[in-house]
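The next block holds one structure in the form of structure tokens; read it before the comments.
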Amino acid sequence: MRFDHITEKADYFIAGNYEFKEGNEKKIVNKGFAHLRAIVELSSLFDIEFFAQKEFNQFILLNDRNLAGSGLRTNLLNFETKQSSLQLFLGTGAMYEREEYNTKPGVSVANILRSTNYLTVDWRINKLVDFLLISYFQFDVKFIKDRRMLADASLNFRITDGLTFSASFNYRHDNQPAQSVKKYDLELVNGISYSF
């Protein structure tokens, strides 16, 4: 779910997702997040961003993650024809996060100032197909070896004006994960969405 409000000089959006699945009377997936972002134009080259997020993911033992931050972004490329378009955005900033993990024998809490950097590729291949990639690189500013990489990619096929089939790929790598959690996580999701 995502709601956008776009003005001449700023874009605001809130995005959220909740997933819960059971199999063989056990939870397979129990995760969710809510993300709020404001992007305000500073000049023809730079925008300033403000963001906040709340998240949990039982699969990686994450009970609660809260973060807030700010940064700058620039549009590296803006190419458009009648049939296609390609935009590249590069962003860098800092965020303060508080994470609570359900580790044994108890709960571990971390308060970290992280650098957050991202690259967005928004490519409308033609009138029916588009591709979106958002990749993040984040690290603890006091302990650079504590770093994460996240990549969300989606390929969307327009069926009708409002109906779209999507194939999404999500990759997460954390070189300092919580106790007994793998360093990486990979997810492939297919679905149909309708835009009003």
Side-chain angles (χ1 to χ4, degrees), residues 1-5 11-39 49 51-69 91 95-104 106-110 112 114 116-123 129-138 146-160 162-196:
M1 165 189 80
R2 178 172 162 151
F3 297 101
D4 291 83
H5 177 67
D11 297 344
Y12 307 93
F13 72 84
I14 184 166
N17 186 46
Y18 175 68
E19 295 178 47
F20 179 85
K21 294 178 190 170
E22 280 186 336
N24 295 329
E25 299 179 14
K26 286 173 41 177
K27 288 182 196 172
I28 301 171
V29 176
N30 187 22
K31 66 179 180 176
F33 78 92
H35 183 89
L36 178 65
R37 185 171 294 249
I39 305 164
E49 298 182 297
F51 53 89
Q53 182 169 308
K54 185 164 186 69
E55 177 183 9
F56 73 95
N57 186 339
Q58 190 174 20
F59 186 70
I60 60 169
L61 307 179
L62 180 63
N63 283 346
D64 192 31
R65 179 182 189 221
N66 297 288
L67 64 88
M95 65 184 188
Y96 180 78
E97 71 177 5
R98 183 184 189 281
E99 294 181 324
E100 182 182 297
Y101 285 92
N102 188 20
T103 55
K104 305 232 174 177
V107 172
S108 68
V109 176
I112 299 172
R114 285 191 187 274
T116 180
N117 310 281
Y118 71 87
L119 175 70
T120 299
V121 178
D122 189 353
W123 181 23
V129 182
D130 61 72
F131 173 76
L132 179 65
L133 168 69
I134 304 172
S135 58
Y136 293 93
F137 179 69
Q138 301 170 339
D146 180 3
R147 57 188 182 272
R148 294 180 180 152
M149 191 188 90
L150 305 117
D152 292 322
S154 64
L155 188 60
N156 305 302
F157 302 92
R158 201 160 291 108
I159 300 167
T160 66
L163 195 62
T164 303
F165 172 78
S166 299
S168 298
F169 169 84
N170 304 305
Y171 177 76
R172 180 182 191 278
H173 184 274
D174 185 345
N175 75 322
Q176 302 268 322
Q179 169 191 337
S180 76
V181 174
K182 289 190 302 184
K183 287 188 175 186
Y184 68 92
D185 188 26
L186 184 63
E187 183 178 22
L188 181 62
V189 177
N190 297 315
I192 293 177
S193 63
Y194 188 80
S195 298
F196 297 96

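These numbers come from a predicted model, not from an experiment. Scope of the values below: all heavy atoms of this structure, side chains included, with no hydrogens, waters or symmetry mates.
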Residue pairs fulfilling side chain to side chain donor-acceptor pair (under 3.5 Å) with at least one residue in residues 171-180, sequence neighbours excluded: Arg148-Asp174
Side chains of Leu67 and Phe51 in contact at under 4.5 Å (non-hydrogen atoms): yes
Gap between atom CG of Asn117 and atom CZ of Phe137 - 0.5 Å precision: 7.5 Å
side-chain contact (heavy atoms from CB on, under 4.5 Å) involving Asn190 - partner list, sequence neighbours excluded: Phe165, Ala167
Phe59 atom CZ: more than 12 heavy-atom contacts under 6.0 Å: no
Asn17 side, atom CG; Met1 side, atom CE - distance, nearest 0.5 Å: 8.5 Å
Point-to-point distance, once rounded to the nearest 0.5 Å, from CD1 of Ile159 to OG of Ser193: 8.5 Å
OG on Ser154 to CD1 on Ile134, rounded to 0.5 Å: 8.0 Å
Partner residues of Thr116 under the side-chain hydrogen bond (donor to acceptor under 3.5 Å, both in side chains) criterion, sequence neighbours left out: Gln138
Side-chain heavy-atom pair Lys31, Ile60 within 4.5 angstrom cut-off: no
Gap between atom CD1 of Ile14 and atom CZ of Arg37 - 0.5 Å precision: 12.5 Å
OH (Tyr184) with more than 12 external heavy atoms under 6.0 Å: no
Glu55 side chain to Asn57 side chain, donor-acceptor N/O pair below 3.5 angstrom: no
Side-chain heavy-atom pair Met149, Arg147 within 4.5 angstrom cut-off: no
Derivation and outcome, side chain to side chain contact (heavy atoms under 4.5 Å, CB included), residues Phe169 and Leu186: CA-CA 8 Å; Phe169 169 84; Leu186 184 63; 2.9 Å; yes
Partners passing ring-ring contact (aromatic ring centres under 6.0 Å, His included) against Tyr118 (at least two apart in sequence or in another chain): Tyr136
Nearest atoms (heavy-atom pairs only) where Ala38 meets Tyr12: CB-CD2, 3.6 Å
Beyond-backbone contact of Asn170 with Leu150, side-chain heavy atoms, under 4.5 angstrom: no
Asp4 side chain near Asp11 side chain, heavy-atom distance below 4.5 Å: no
Salt bridge (charged side-chain N to carboxylate O under 4.0 Å, His left out) partners for Asp64, two or more places apart: Lys54
Minimum heavy-atom distance between Phe33 and Ala15, given as atom pair plus value: CE1-O, 3.9 Å
Atom pair CG/OG1 of Asp152 and Thr120 - distance to nearest 0.5 Å: 10.0 Å
Heavy-atom check, side chain of Asn66 versus side chain of Tyr96, under 4.5 Å: no
Under the ring-ring contact (aromatic ring centres under 6.0 Å, His included) test, residues paired with Tyr18 that sit two or more places apart: none
Nearest heavy-atom neighbours spanning Tyr194 and Leu163: CD1-N, 3.9 Å
Check: His35 and Phe13 side chains under 4.5 Å, non-hydrogen atoms: yes
Nearest atoms (heavy-atom pairs only) where Lys182 meets Pro177: O-CB, 3.9 Å
